[in-house]
Every structure is written in structure tokens, then in C-alpha cells.
Protein chains: 2
Amino acid sequence: MGEIRNKDGLTEEEFLKQYKPSKYERPSVTVDMLILCMSRYLDNLKVLLIQRKNHPYINCWALAGGFVGIHESTYDAACRELQEETGLVTNTYLEQLYTMSNPDRDPRMRVIDVAYITLMREQPVLAGDDAKKSLWFDISLHDDILELKNEEENINIKYCLHKKIFKNGVVDTTGYTQESITDEKLAFDHNEIILEGLLRLKNKILYSDIAFNLLPEEFTLPDVKRVYEVILGKELYKSNFNANIKSKLISTDCKITSMIKGGKKAAGYKYKGQ
Amino acid sequence: MGEIRNKDGLTEEEFLKQYKPSKYERPSVTVDMLILCMSRYLDNLKVLLIQRKNHPYINCWALAGGFVGIHESTYDAACRELQEETGLVTNTYLEQLYTMSNPDRDPRMRVIDVAYITLMREQPVLAGDDAKKSLWFDISLHDDILELKNEEENINIKYCLHKKIFKNGVVDTTGYTQESITDEKLAFDHNEIILEGLLRLKNKILYSDIAFNLLPEEFTLPDVKRVYEVILGKELYKSNFNANIKSKLISTDCKITSMIKGGKKAAGYKYKGQ
DNA sequence: ATAATAGTGTCTTTTAGACAGTATCTA
DNA sequence: TAGATACTGTCTAAAAGACACTATTAT
């Protein structure tokens, strides 16, 4: 891993040696976006990752992101990066997730990263050229294994999660330590961001309507139910779920085809809005 | 307001003119702590505020906080500042709340602020000298009025909250705009941090045990109930509440005096821990 | 002694959970 | 036509909500 060279012919070690951060002791600030959507047949969540082409973490997969301009808020920076990364950004949910601040999280220099979570409908990513390759990865999170998979390109990233309790004399914190168990890896602490985002989504789906950001304008009841099932990781009862969700919907009085594989035509609905 | 001078004899305008931020375009990063405790008789929440003695926001009240060192995480910085501000920090709950990043939030220079929420038992603040005066303020949040009050010093800070929906073509966000309706004011965007923290507390108390951080080691059932009532802003039914909370407690087999004014002796309990 | 609070018991309403049955659609 | 899915209805279990009552304690 340490022998891989970048386009300037430098190894990671050499790269780090020649890298000069500003003399003045202020951290750089970045934003990263955990961009999520549902797969075409609503089988699972997907995350957009970009392959790094330079040190550090060369060839590893990373969340979309970039530096925060000196005159823009992190929210504006996230919107801008989102636009640049995905092109279309209408009907996109964007929420601040967590600020990552471990001093060693970036070997080049001190970087504080404000992570955002983004929910959208699946859309084609900008064509991958040599400089930048971005792909949607299928997410699965079961039995403390986080797996990210792209079948077309046969890429598999897998993390094993261990619950751990931190005590530092002031506060006790429960978190996760993680280790990759495949060749392909995520860059920086982006594994933690993904995990944190999935937990946030799981919590928030129960007392908010953010799930509709993952669905098209018009959808069927089985479609919504499937989205909830994927995010919560368990099956729900049709009759109970429908009765509850209907108060948030308006019927379109059309029968449309469900997105689910093998699904039948079903009544079309739209989200009523809050 | 613009005429008040600092210890160097400068007005805000003069101060800002002579202030030189680093030439290099990186933001400074700070942490601020929303330090909360319950009042002695469990009547309301209190927040620790510190009066600023220099521009900007001279004489305004601010959350405890400070700059993040280049080699420490924001969490470590928060712990350090907490220690410096309050002395004792055992049994303190500390959780990241939100990152404030409006480019104009500090008129001196670009500052990104990572806000933390802290729950502790009431404790005497370090004696206020001329350079630094810190006080506990009683919090009340009713009918979209946020009021912070210190009766000994006769200080009253009051904010009127207006719900507002931001639309920027990418995402819709519902937030609060706020305006002070008293002479005393909060510094920077600390009003937003306080509001955000109170909402977080209200949400989280329902599915976690963080409320016990606001109580002493041993307490009575009416004490816990009162803490929940203050945070949720509504009365609870004694019998239902007690039945639910008891699974988290261990009886100490003592009768102790309740903290509540006019309260009777009642059975003592301790938090079982998770 | 009085008034207020601590603690217990009981009832109603609502929600969550579970399953069965019919109608309808896909293949 | 066969097999699956959409939709509705019914039933049970658990939780939330609401009072009433007795015992105890502060003043």
C-alpha cells in the first residue's frame, strides 16, 4: 500500500514529507456528504462514493466533499459540492450529521470535517473519467457487518463493527470501532460517517417524513412500506403500516406500477407535505 | 452600543479596523458549551453564561467556550474548557450538538463553532472577578418566548422566536429567527445554540436516560418526575410515570427529603445505569 | 388539625402487533 | 390458470392516558 505512487510519482511517505500546510495553526475545514438513495427495485439503500486518485488514501473510496470557502457556510458548501458531484439537486434533503475532528484523521494536516446526510432519488452519476470515478454502492448492514457493494464493477467493501465504550474521566461514550476486512477500503473516517448516518436515518424515520425524499413524486403504498422496511431492517405489517401512513398521503386516483420487483399495479399516492 | 469602549479604549468599529486575522484563508475553530443544570428546587433548567468584556458583543452574555487547539479534537477541547470554566466535571454529560458556520457570525474573522450540550448537577461557579463574570440563568421557554433570568443580579434576557421556512432552491429548512426584546443580549448566535439544545434535550429525554445527569446520586420519584416535566413542558401522571421509570432505578431503602419545594420525605432511588 | 404530597389501584382509550380472507394483477 | 401481491377487516396484547383513593408528612 505504501508503494503506490501518485501522478507525480510519489509514494505516500514522500508525498507527506513534501506537503506543506500553512504555518499558521488553524485547521482546514471540509464538508462531506453521505449521499443516499434507494435502489431501483427498492431492495436496499445506496451510497455515492468517489474513488480517490491521490494521496492520502489513494484508490480508496470516499464520500463526496470538499473544502469550505472562507465566505460560505458549511451548508452552502454542501449544496455547492452536491451540485458539482451529482448535477441535479432538486428535491434533495440535506441535514447536518456530525462534525469529525480527530486531529489525526487526515495525515496531511489538521482537517475538521462537517458531515451532512443527503437523501435523494436515484440518478445517474456524472460520467466517470480518469480523474474522477464515482459509483453508487449497495448498502447492507446486518449482524454488525457493514457491506458496500457495486456489482457492475465487482467492488466489495466490508467493515466489521465492534461496540466499544470510551471512558476518559469526564464522560462515557459508546461508539464503534471498525476494521475493514476486504482489500477495498474507505478513506479517512468515512466508515464512521456512514454508520452514523444510517443510525440517524433509522431513528429519524420514525418521527419524521424524511423517507419520502427517497421516493419519486408518485408511489404506491407497498413502495413506501418497502422503504421503511429497508431502513428499519425488519418487516412491517401491511395493514397496520398502511393505516398509519395514509394520513400523510393524498391519493392520485391512478393505478400505477409498483417499483418493487414482482409488484402489481397499485393505487398511486403523493406525499401531502407537512 | 457602538460607542462602548473596551479596556484599550477602542469602540467596536475601531477594534474591528485594527484587528488582523491571519492572511491565510482558513477559518478559526471554536467550541462552545451549552451548560445546563436544574435549579435547586427543580423548578426550571439553568444555563451557565459568561459576560464578555471585550469586542465584539461587549457586555453581552455568552456560552462558555474557546478555541480548539491544533492537536486536540473538539471533544477534548470541550472537556478542557469545561474543566477551566466550572472546575468540577465529574458525572458530566457531554454531547456534540451542532456546528454553527454562518460566515458572518463573528465580525472579527471567520469562525466555525462546534457547539456541545452539557448536563450536570448545579454547582457554584468560579468566583466572578472583574475579568470574567459567570452566572447561572433560569431558563423559561413558553409561547415562543425564550427567557433567561438571574434574579440576584436582576438580569433579564428575552428572545421572541419566529418560525421561518428557508427555501434556497435546493432544500427547505425550517428554523427560527430570533430577536432580543430586552437590553441584555446574548453574544454571537448563542441564542440559536440554546434553542437547539433545549429541543435536543426534549427529544432525547424520551428515548434515553440523560435526565439522570441533572440529578444527584440519590433522588426520589417525584424528583425525577419533576425533571421530566420541566424539560417536556407539561405535567405527567404520577402513577404512570413512576411505573415506567422504576425499571431504570434501584431503591436505596432510605427515606430522603425531596428537592422539590414543599415536598415530603419519599423513598430514595439511584439510577441503575445502562 | 389541615392541607398538601407520596404512593397504590383501577379503569378507559389508544396504539401496536398479528393474522385471515377476498380481490386483483402478473406471468 | 397458477401464484403472487394489493387491499380490507378483525382480533389480541400492550402501552398510554386519566382518575380515585389511602397513607403519610410538613406546617
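The chains referred to below are lettered A, B, ... by the order of the sequence lines, with proteins before strands, and numbering in each begins at 1. Side chains included, hydrogens not; waters and symmetry mates left out as well; all remaining heavy atoms used.
- Regarding A:I260, its CD1 atom lies at a distance of 13 Å from the C1' atom of D:dA4, rounded to whole Å.
- Close to D:dT25, at under 4.0 Å from its OP1 or OP2, lies a side-chain N or O of B:K255.
- Using a 4.0 Å cut-off between charged side-chain N and carboxylate O, A:E184 and A:K158 make no salt bridge.
- At least one side-chain heavy atom of A:L221 sits under 4.5 Å from a side-chain heavy atom of A:L249.
- Listed by residue number, A:K238, A:S239, A:K246 are the residues of residues 236-246 of chain A with a heavy-atom contact under 4.0 Å to DNA chain D.
- A salt bridge between A:K272 and A:D209 is absent, with no side-chain N of the basic residue lying under 4.0 Å from a carboxylate O of the acidic one.
- Separating the OH atom of A:Y207 from the P atom of C:dT15 is a distance of 20 Å, rounded to the nearest angstrom.
- Nearest-nucleotide positions on DNA chain C place B:K265 closer to the 5' end than the other of B:K265 and A:G263.
- Between the side chain of B:R200 and the main chain of B:L97, a donor-acceptor pair closer than 3.5 Å is present.
- The distance from atom CE of B:M259 to atom P of C:dT5 is 17 Å, rounded to the nearest whole Å.
- Under the 4.5 Å side-chain criterion, counting only non-hydrogen atoms from C-beta, A:L45 is in contact with A:L198.
- With respect to B:R40 and B:E122, no salt bridge is recorded, no charged nitrogen being found less than 4.0 Å from a carboxylate O.
- The CG-P distance, from B:L221 to D:dA23, rounds to 20 Å in whole Å.
- Atom CG in A:L232 sits about 15 Å away from atom C1' in C:dG17, given to the nearest Å.
- B:I256 places its CD1 atom 18 Å from the P atom of C:dT5, with the value rounded to the nearest Å.
- Rounded to whole angstrom, the span from the NZ atom of A:K264 across to the P atom of C:dT26 amounts to 8 Å.
- Atom NZ of A:K234 and atom P of C:dA16 are 11 Å apart (whole Å).
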